[in-house]
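Here the structure is a predicted model, which means the values were calculated and not measured.
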Amino acid sequence: MQNKLYLAPMAGVADRAMRQLCMEYGAQACCSEMVSAMGIFCGDRKSGQLMQITPQEQPCGIQLFGKEPHTFPKAVEAAMQHNPAFIDINMGCPATKVAGGGSGAALMKSPELAREIIAAVVKTVDGVVPVSVKMRTGWDEHSLNCVQLAKIAEDAGAAWLTVHGRTRQQMYAPPVDKHSIRAVKQAVSVPVIANGDVCDGASAQAMLNETGADAVMIGRAAMGAPWVFAHIAAYLKDGTILPEPTAQQRMEIMLRHVRLLCEHKGERHGMREARKHAAWYLKGVRGGAKLRAQAVTITQFEELEELAATLIGENDGLN
């Protein structure tokens with residue numbers, strides 16, 4: 001595995017527009033938002049839409065989640081129609097609506113069921129594309145079984161593993177458990193991607209050094225900052241610390257992001273989703289705090305252009 005930087009498959013965030021931008025800024029691979037295997041099995045139209053991939057996003061995988069092994073073959077067959085670079089199986093999502101229903105991170109409590117699902121996916125792809133598994137360190141602090149699940153996944157045919165260094169119960173709050181990620185890396189022969197708290201070049205380098213991982217996955221740090229991949233790549237290459245984008249550059253990137261959103265989803269739907277992205281782009285910029293309240297009410301692209309112009313004006317001469 002030569003790639004070092006992966007975009008995390010964040011539900012409701014890492015859609016086609018987000019993936020395209022992050023790939024342009026240096027992410028070596030990305031993955032779809034998680035797609036319900038049962039949803040595809042039952043013919044849900046939205047699940048099918050989530051699997052759409054454009055050439056600008058490649059190499060891009062499709063992530064599936066579920067708890068019923070019999071639903072995965074059909075889901076994989078449907079996913080393969082979109083030419084994914086790989087199929088990823090979600091065994092790490094902590095959300096109540098997913099894990100509470102027995103999918104996502106809940107599969108860490110049922111290792112043999114997890115094995116059955118991985119084996120079903122591997123059999124269905126039949127070597128056409130690799131299969132990966134994303135997991136956490138365990139369900140809670142009393143069941144840190146990521147090493148056990150990693151060995152099961154490798155034995156079932158997974159080509160690589162991604163480990164988010166927290167338990168399901170920890171969600172996203174405490175510092176990542178690098179020791180557990182390192183233990184997984186030492187226990188398997190397939191590549192391991194480390195995920196959690198990677199936000200810049202220094203944290204990426206520390207994660208790689210302390211875990212021995214083959215690559216890092218970036219999630220929340222890319223929200224409102226797709227350029228983080230270019231910054232991390234430069235640091236990992238030779239220690240270069242790139243300057244942060246100016247307010248004007250940040251707003252130009254935001255507007256391009258939202259244009260892509262509207263192209264993919266239509267202006268009405270795209271602008272609803274643009275609200276959270278705009279709030280992230282405005283974070284930490286002089287004058288951005290007061291404009292974030294406006295950002296969450298925008299309904300038309302012209303409103304966002306006006307907001308961006310206001311922010312640029314307030315920062316004129318400071319960049």
Going from [atom1] on [X] to [atom2] on [Y], what distance comes out if it is rounded to the nearest 0.5 angstrom?
X    : Y    : atom1 : atom2 : result
E263 : R16  : CD    : CZ    : 9.5 Å
D155 : R115 : CG    : CZ    : 5.0 Å
K283 : L291 : NZ    : CG    : 16.0 Å
I181 : M135 : CD1   : CE    : 11.0 Å
S103 : I89  : OG    : CD1   : 12.0 Å
L113 : M91  : CG    : CE    : 7.5 Å

Would you say the side chains of [X] and [Y] form a donor-acceptor pair under 3.5 Å?
X    : Y    : value
Q169 : D140 : no
D238 : T240 : yes
T54  : Q20  : no
T299 : E303 : yes

For the residue pair H257 and H277, does the interplanar ring angle fall in the parallel (under 30°), tilted (30 to 60°) or perpendicular (over 60°) class?
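H257 and H277: tilted rings.
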
Would you call the rings of Y281 and W227 parallel, tilted or perpendicular, taking 30° and 60° as the class edges?
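Ring orientation of Y281 relative to W227: tilted.
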
Taking [X] for its side chain and [Y] for its backbone only, find out whether a donor-acceptor pair lies under 3.5 Å.
X    : Y    : value
R275 : I298 : yes
E68  : H70  : no
R136 : C93  : no
T246 : Q249 : yes
Q205 : Y235 : no
N145 : Q148 : no
Q28  : G26  : yes
R19  : A14  : yes
S203 : D200 : yes
S110 : L107 : no

Looking at every heavy atom in both [X] and [Y], which two are closest together, and how far apart are they?
X    : Y    : answer
A247 : I312 : O-CG1, 4.3 Å
M23  : A27  : SD-O, 3.4 Å
M171 : P94  : SD-CB, 3.4 Å
I53  : G61  : CD1-O, 4.3 Å
E57  : C30  : O-SG, 3.2 Å
L260 : A17  : CB-CB, 3.7 Å

With a sphere of 6.0 Å drawn around [atom1] of [X], does it hold more than 12 non-hydrogen atoms of other residues, nucleotides or ligands?
X    : atom1 : answer
H179 : NE2   : no
K276 : NZ    : yes
K265 : NZ    : yes
I241 : CD1   : no

In terms of hydrophobic clustering (I, L, V, M, F, W, Y; side-chain heavy atoms under 4.5 Å; direct or indirect links), are [X] and [Y] co-clustered?
X    : Y    : value
V131 : M34  : no
V285 : L21  : yes
L144 : V192 : no
I218 : V176 : yes
V228 : V216 : yes

Is the closest basic N to carboxylate O distance between [X] and [Y] below 4.0 Å?
X    : Y    : result
E77  : K74  : no
R220 : D197 : yes
E24  : R256 : yes
E314 : R286 : no

So do the side chains of [X] and [Y] get within less than 4.5 Å of each other, counting heavy atoms only?
X    : Y    : answer
R250 : M254 : no
P9   : E33  : no
T211 : K185 : no
F86  : C31  : yes
D214 : K4   : no
C262 : M271 : yes
L5   : L236 : yes
L7   : M217 : no

Applying side-chain contact (heavy atoms from CB on, under 4.5 Å) to V133 and W160, what does each step give before you reach the verdict?
CA-CA 7 Å; V133 177; W160 70 81; over 6 Å; no

Donor-acceptor contacts under 3.5 Å from residues 117-129 side chains, at least two apart:
| residue | atom | partner | partner atom | Å |
| --- | --- | --- | --- | --- |
| T124 | OG1 | A120 | O | 2.7 |

Show your working on side-chain contact (heavy atoms from CB on, under 4.5 Å) between F72 and F41 and close with a plain yes or no.
CA-CA 8 Å; F72 278 84; F41 187 80; over 6 Å; no

Tell me, with the steps shown, if V13 and M18 meet side-chain contact (heavy atoms from CB on, under 4.5 Å).
CA-CA 7 Å; V13 177; M18 176 74 166; 4.3 Å; yes

Among residues two or more places apart or on two chains, list those pairs meeting side chain to side chain donor-acceptor pair (under 3.5 Å) that have a residue in residues 38-47.
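Every side chain to side chain donor-acceptor pair (under 3.5 Å) pair that includes a residue of residues 38-47, provided the two are not neighbours, is D44-S47.
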
Report the C-alpha distance between T167 and E141 in whole Å, list the side-chain angles of each, state the deciding distance to 0.1 Å, and finish with yes or no for side-chain hydrogen bond (donor to acceptor under 3.5 Å, both in side chains).
CA-CA 7 Å; T167 66; E141 61 182 320; over 6 Å; no

Determine the sole option in V163, I193, L161, N195 for which the side-chain contact (heavy atoms from CB on, under 4.5 Å) test with K134 is passed.
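The single option meeting the side-chain contact (heavy atoms from CB on, under 4.5 Å) with K134 is N195.
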
Step by step, would you call L261 with H269 a side-chain contact (heavy atoms from CB on, under 4.5 Å)?
CA-CA 8 Å; L261 265 177; H269 188 183; over 6 Å; no

